[in-house]
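Residue numbers start at 1 and run along the sequence shown.
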Amino acid sequence: MYAILSVGTSRNLCYAKRKMEVIVHMLLVCLVSTVSISDARNTGKPLYHHISVPDHVSKDRGVEEASNQNHTAISSTEAESVTADFPGGIAADTTTLTAETPAKTQRWVDIKTSVKSQRWDDSKTSTPVQSQRSVETSTTVQSQRSVESSTTVKNQRLADTETSKPVLSQGPAETSSSSEKSTDAQLGVRTRYNIDGYEHLFNDTNSTDGQQDDGVEFQHHSFHGDSTDSDTETTTEPEIETTTTPAHHGGEWYDDTPLHHPCLRECRAGEAPMTCHYTFVVELYYAMSKACYNCATNASDCDRHDCIPTNGVKRPIIVVNRTIPGPSIEVCQHDRVIVDVHNHLMEETTSIHWHGHHQRGSPYMDGVPFITQCPVQPRTAFRYSYDAANAGTHFWHSHSGCQRTDGAVGNLIIRQPRVRDVHAHLYDADLPVHVINVMDWAHELGAAMFAAHYHSTGDNKPESILVNGRGRYFNDSQQLTHTPLAVFNVQQNVRYRFRLINAGNQNCPLEMYIENHTMTIINSDGGDIEPIEAATLVSYAGERWDFVLNANASVGNYWIRFKGLMDCDERFTKAHQAAILRYQGAPDEEPGSKLSYHGPVKPHPKVNAMNVKMGEHGTVSIPELTAVNTMITEDPNLKPVADHQFYIAYDFYPVDTPHYHKPHFYGFYDVQNKKERVYTPQFNRVSMHMPSEPLLSQRDDINKDMFCDHSKLNNCTSQSCHCTNVIKIPLGDVVELILIDEGHTYNANHPFHLHGHAFRVVGMDRLGEETTLQQVRSLDKAGRLKRKLTSAPLKDTVTVPDGGYTIIRFHATNPGYWLFHCHLEFHVEVGMAMIFQVGEHTEMPPVPPKFPTCGDYLPSADADSRAAVVDNEIDFGDEYRNGRKSAINASTTLHRNVLLLAVVCFLTVFKSVT
């Protein structure tokens with residue numbers, strides 16, 4: 001009986017339990033239904049949205065995708081397995097890596113991978129199988145790519161930076177995805193790789209010599225589907241796999257040159273232009289981050305994925321694709337460059353300026369906030385698209401705030417076919433690995449340095465220098481860090497074209513000297529010049545110089561020394577840096593001589609020397625260079641008299657600018673601590689006040705009352721004057737600017753950059769320690785300012801001797817609004833700039849469709865006074881009130897219906913229970 005009662009009781013309990021489960025389930029259904037109905041009614045959108053956006057687009061993805069906690073160092077003698085964690089929580093099975101390292105300058109790594117396809121559990125979620133390496137051929141690539149080993153060499157990592165030898169993967173990538181194999185067979189694909197978020201497929205009709213042939217497909221995959229007009233999308237992070245081209249010592253690519261992008265190729269006459277896609281992700285990051293592991297003591301760790309060692313000093317940085325310099329754009333003349341810039345900064349806007357590229361026909365792509373475009377807001381994207389029209393060594397950088405100071409820079413190289421290069425006979429090789437990007441480097445975030453300098457006792461003196469993003473921190477001859485240096489490899493008796501980019505930020509001109517070698521300078525800022533031999537070259541922020549190095553010294557290692565001048569000299573930080581010139585066959589070691597700020601005595605001649613008089617012994621100034629103009633028979637810039645002439649005098653002035661010296665509170669002379677007194681650099685005593693909406697793209701909205709003419713302003717010597725300083729130039733006229741550094745306050749140097757045009761440097765000289773606008777005017781009136789009107793060098797960035805002048809001319813043939821400014825970051829931020837309006841608005845290219853707009857929102861005072869406030873909400877008028885009333889009525893009805901539905905559900909449940 002007891003057993004029977006127990007069984008009955010157990011059955012009743014089970015029945016009651018099932019009843020309770022039914023009740024709970026039905027109540028949950030009712031609750032979810034009411035919430036879903038309410039949400040859908042109020043928002044008009046589904047309750048749930050799946051948005052898959054990667055945290056960042058990396059420079060380098062592949063089998064090295066392992067997470068930090070699972071990242072295992074690769075041994076040179078054994079194979080190890082790592083588990084990769086991919087975006088979205090899809091865990092790869094295992095990836096087996098085998099590495100072997102031969103001696104000296106080459107480190108080849110043979111990596112064999114076996115990555116199995118990953119699947120969602122469709123038995124529970126009914127989600128289609130998604131393979132890590134499956135490819136949807138029509139529109140979307142949903143995974144990283146597999147590559148047939150017979151035709152592709154994978155770039156696992158550019159691990160040996162000191163030798164510039166890529167670590168290459170040679171081995172088939174196995175995949176279990178049958179769908180991918182059939183897809184490849186259908187496409188005839190034998191080489192597949194993904195670069196910067198874009199898939200590139202070479203079919204079987206392509207050659208294997210590394211040159212670009214017909215049959216190339218470019219499938220663009222946007223990582224933010226709503227930010228670009230691409231037809232295809234992918235949510236996977238990109239895998240970069242590079243191919244290399246064979247050795248050819250007649251100026252072709254060498255076998256140690258990694259081909260990162262199909263547009264990086266030898267340029268040939270008659271070849272059709274290519275369309276070159278890139279994805280830039282701007283983000284806040286950190287130098288010597290956890291991605292660097294033990295980089296401070298183990299140099300091999302500095303080559304780890306996402307490690308940015310800089311000079312070994314930790315600091316916040318703002319970078320593109322987690323590299324310094326950022327992704328290099330190297331294309332052929334007239335290629336179409338398309339760059340999608342994604343702003344992943346938390347609170348800052350951004351933009352990209354293509355320094356040296358004139359944007360003829362595409363002025364909206366110049367990348368200057370509030371002049372050519374609105375700044376790119378956080379979590380949004382902007383597409384730059386332009387024809388790479390003017391060949392030369394250029395670079396790109398952020399034109400927002402101090403982001404260039406923090407590392408948002410990269411190379412922009414536009415090559416031309418050798419048959420069009422007047423200097424092609426002087427060199428054998430023009431290689432991507434011989435681009436030198438140098439910049440001064442501070443140890444704190446640029447905005448923090450700016451605030452400390454202008455609002456407290458902080459200075460603007462950089463502590464160090466970077467060469468291709470690398471270097472060490474020195475206290476004169478004392479080496480304080482041990483991070484790797486940049487290395488440039490050469491072969492004996494080969495002549496190389498080097499391209500030097502000064503991406504500097506502060507008043508720190510850089511003096512360059514290569515031990516036991518000279519430089520044959522052939523080009524500056526994209527303008528060819530007659531070859532000139534130099535032992536030492538000085539470059540200023542924004543300048544670029546091309547030179548030929550004849551590797552005719554003994555096989556060995558040689559220092560390439562960089563010495564900071566002005567604010568980096570022995571009075572302040574003694575900033576200096578070094579790189580290594582390494583001959584093939586030389587030991588993998590550093591040169592024997594000791595590094596220090598002064599170093600050995602530099603031989604002459606010195607080109608572009610700082611603050612010297614024309615003709616000074618052992619120096620060559622810019623006007624003494626001779627342009628090579630094979631394409632120009634008669635340049636209007638060089639006619640006897642320009643159409644317009646402007647004297648632009650500048651210095652540092654003790655004015656009460658409201659930004660950091662408010663009059664009556666803490667004016668310049670009110671501040672007792674002289675270290676806190678900040679002089680303001682100005683053009684003609686006027687500071688630039690940037691407009692709140694772009695002059696070019698929103699020109700119909702311009703309030704011309706904000707423009708000013710400095711010649712009509714009064715009392716600017718005793719008070720701060722600032723306005724939107726715009727000078728209007730008729731299209732086709734020649735403009736002459738006489739830049740005058742009065743030199744009263746500091747012995748300084750300002751490099752000036754003109755957007756949209758190149759200019760001729762027709763004159764330059766130093767008159768003394770100081771000068772004045774009146775003195776220069778008098779000399780000019782007396783005919784004592786010499787002008788070189790034959791073969792004057794063509795540049796877009798130039799300096800002015802302290803206490804002297806520089807005369808430049810440009811032919812205003814590019815309609816638009818173009819910025820002219822000091823290229824020292826802090827100076828342009830405080831207003832050392834002016835704008836040239838070239839042509840009438842009707843002569844400017846039309847605004848691109850759906851181009852972003854921005855500006856102030858300031859309703860008129862009358863409207864504000866009439867606005868009523870009801871329940872802390874602004875009364876927008878009858879239309880709003882009527883709409884709001886209807887919405888309230890609809891909401892009340894909805895809530896009543898939801899309540900009735902809940903009651904019905906409850907009664908139904910109660911009835912089923914009873």
Check: Can a salt bridge be assigned to the pair Arg404 and Asp440 using a cut-off of 4.0 Å between side-chain N and carboxylate O?
Finding: no
Notebook entry, point to check: Is any NZ, NE, NH1 or NH2 atom of the basic residue among Asp796 and Arg544 found under 4.0 Å from an Asp or Glu carboxylate oxygen of the other?
Noted result: yes
Check: Closest heavy-atom contact between Asp366 and His353?
Finding: O-ND1, 2.8 Å
Item checked: Atom pair CD1/CD of Ile317 and Glu283 - distance to nearest 0.5 Å -> 9.0 Å
Notebook entry, point to check: Less than 4.0 Å between a side-chain N and a carboxylate O, is that true for Asp459 and Lys675?
Noted result: no
Checklist line | Side-chain touch Met449/Thr405, heavy atoms, less than 4.5 angstrom | finding: no
Next item on the list: For residues Cys854 and Gln698, determine if any side-chain heavy atom of one lies less than 4.5 Å from a side-chain heavy atom of the other.
Entry: yes
Next item on the list: Could you tell me the separation between the CD atom of Glu347 and the CG atom of Leu284, rounded to the nearest 0.5 Å?
Entry: 9.0 Å
Next item on the list: State the CD1-CG distance between Ile501 and Asn411, to the nearest 0.5 angstrom.
Entry: 4.0 Å
Item checked: Any side-chain heavy-atom pair of Cys276 and His261 under 4.5 Å -> yes
Notebook entry, point to check: Would a 4.5 Å heavy-atom cut-off, applied to side chains only, mark Tyr817 and Thr372 as touching?
Noted result: no
Next item on the list: Could you tell me which non-hydrogen atom of Phe826 sits nearest to which non-hydrogen atom of Cys402, and how far apart they are?
Entry: CE1-SG, 3.9 Å
Notebook entry, point to check: Is the shortest distance from a Lys or Arg side-chain nitrogen in Arg315 or Glu444 to a carboxylate oxygen in the other one below 4.0 Å?
Noted result: no
Checklist line | Partner of Tyr278 under side chain to side chain contact (heavy atoms under 4.5 Å, CB included), chosen from Ser328, Pro327, Cys263 | finding: Cys263
Next item on the list: Look only at the side chain of Tyr653 and the backbone of Ser720, and say whether a donor-acceptor pair between them is shorter than 3.5 Å.
Entry: no
Notebook entry, point to check: Strictly by modelled atom types, are Asn311 and His443 linked by a side-chain donor-acceptor pair under 3.5 Å?
Noted result: yes
Next item on the list: Look at atom NE2 of His453 and say whether more than 12 heavy atoms of other residues, nucleotides or ligands are closer to it than 6.0 Å.
Entry: yes
Next item on the list: Look at the aromatic rings of Trp354 and Tyr386 and report parallel, tilted or perpendicular, splitting at 30° and 60°.
Entry: tilted
Notebook entry, point to check: Does His397 have its ring centroid less than 6.0 Å away from the ring centroid of His823?
Noted result: yes
Notebook entry, point to check: Taking the six-membered ring where the residue is Trp, are the ring centres of Tyr384 and Tyr364 under 6.0 Å apart?
Noted result: no
Notebook entry, point to check: What is the distance from atom CD1 of Ile352 to atom CE of Met365, rounded to the nearest 0.5 Å?
Noted result: 13.0 Å
Margin query: Would you say the rings of Phe683 and Phe752 are close, in the sense that their centroids are separated by under 6.0 Å?
Written below: yes
Note to self: Can you confirm whether His722 sits close enough to Asn725 that some side-chain heavy atom of one is under 4.5 Å from a side-chain heavy atom of the other?
What the structure shows: no
Next item on the list: Can you see which heavy atom on Ser692 is nearest to which on Asp856, and at what distance?
Entry: OG-OD2, 3.0 Å
Note to self: Please determine whether the number of non-hydrogen atoms from other residues, nucleotides or ligands lying under 6.0 Å from atom NZ of Lys662 exceeds 12.
What the structure shows: no
Notebook entry, point to check: What closest approach, in Å, do Ser464 and Arg472 show between heavy atoms, and which atom pair accounts for it?
Noted result: OG-O, 3.6 Å
Check: Of Ile324, Leu445, Val319, which is the lone residue that meets side chain to side chain contact (heavy atoms under 4.5 Å, CB included) with Asp406?
Finding: Leu445
Notebook entry, point to check: Between His399 and His821, is the gap from one ring center to the other below 6.0 Å?
Noted result: yes
Check: What is the distance from atom CD of Gln682 to atom SG of Cys721, rounded to the nearest 0.5 Å?
Finding: 7.5 Å
Notebook entry, point to check: Heavy atoms, side chains only, cut-off 4.5 Å: are Phe820 and Ile835 in contact?
Noted result: no
Margin query: Does the plane of the ring in His755 sit parallel, tilted or perpendicular to the ring in His753? Use 30° and 60° as the thresholds.
Written below: tilted
Notebook entry, point to check: Taking all atoms of both residues into account, what is the closest heavy-atom pair of Leu696 and Gly816, and its distance?
Noted result: CD1-CA, 4.1 Å
Checklist line | Heavy-atom side-chain contact between His827 and His750 under 4.5 Å | finding: yes
Margin query: What I'd like to find out is whether the side chain of Trp441 reaches to under 4.5 Å of the side chain of Val313, using heavy atoms alone.
Written below: no
Next item on the list: May I ask you to check if the distance between the SG atoms of Cys307 and Cys292 is under 2.5 Å?
Entry: yes
Check: Looking at Pro691 and Phe370, what are the two nearest heavy atoms and their distance?
Finding: CG-O, 3.3 Å
Note to self: Quick check on the 6.0 Å ring-centre criterion: do Tyr679 and Phe652 meet it?
What the structure shows: no
Margin query: My understanding is that only one of Val376, Ile318, Thr380 makes a side chain to side chain contact (heavy atoms under 4.5 Å, CB included) with Thr350; could you say which?
Written below: Val376
